Chemist: 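Handing you a structure now.
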Amino acid sequence: MAIAGAPAARGIGSTYFHWKIILLPRHIAEYVVVHELAHLHEPHHTPAFWRRLERAMSEYEQRKSWLARHGIEVEGV
């Protein structure tokens, strides 16, 4: 993800999370975790990636939208 405070998947089979994820509301942190875990199967934001994410979390679009609007607030902490 492009914002500070968000996790970054590094390497094959490994996922690391920035410490600021704990500052996010729980339902948003859950979205971030599921998003990054989906990258273990689909490395890029292809249609297959978004389908996989939707299967795991049907309301992901609302959470993604919240993060896009408010994630920068976590960056400044």
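The model shown is predicted, which means the values in this text are computed figures rather than measured ones. Count residues from 1 along the sequence.
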Chemist: Kindly say whether the aromatic ring centers of His45 and His39 come within a distance under 6.0 Å.
Modeler: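 Here the rings of His39 and His45 have centres that are less than 6.0 Å from each other.
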
Chemist: Once you round to the nearest 0.5 Å, how far does CD1 of Ile28 lie from CD1 of Ile21?
Modeler: 10.5 Å

Chemist: For the side-chain contact (heavy atoms from CB on, under 4.5 Å) test, which of Glu61, Arg63, Arg69 pairs with Ser65?
Modeler: Arg69

Chemist: His35 vs Trp50 aromatic rings, parallel, tilted or perpendicular, using cut-offs 30° and 60°?
Modeler: perpendicular

Chemist: Atom CG in Leu53, atom OH in Tyr31: separation rounded to 0.5 Å?
Modeler: 6.0 Å

Chemist: Minimum heavy-atom separation for Leu23 and Trp19, please, with both atom names.
Modeler: CD1-CZ3, 4.0 Å

Chemist: Could you tell me if the side chain of Pro25 sits less than 4.5 Å from the side chain of Trp66, heavy atoms only?
Modeler: yes

Chemist: Report the distance from atom CD of Glu59 to atom NE2 of His27, rounding to the nearest 0.5 Å.
Modeler: 9.0 Å

Chemist: Does His18 use its side chain to pair, donor to acceptor, with the backbone of Lys20 at less than 3.5 Å?
Modeler: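 Checking the backbone N and O of Lys20 against the side chain of His18, a donor-acceptor pair under 3.5 Å is found.
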
Chemist: How many angstroms lie between atom CG of Leu40 and atom OG1 of Thr15, to the nearest 0.5 angstrom?
Modeler: 4.0 Å

Chemist: Run Tyr60 and Val34 through side-chain contact (heavy atoms from CB on, under 4.5 Å) and show every step you take.
Modeler: CA-CA 9 Å; Tyr60 84 88; Val34 172; over 6 Å; no

Chemist: Is a side-chain N or O of Arg52 found less than 3.5 angstrom from the main chain of Glu42, in a donor-acceptor match?
Modeler: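 Checking the backbone N and O of Glu42 against the side chain of Arg52, no donor-acceptor pair under 3.5 Å is found.
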
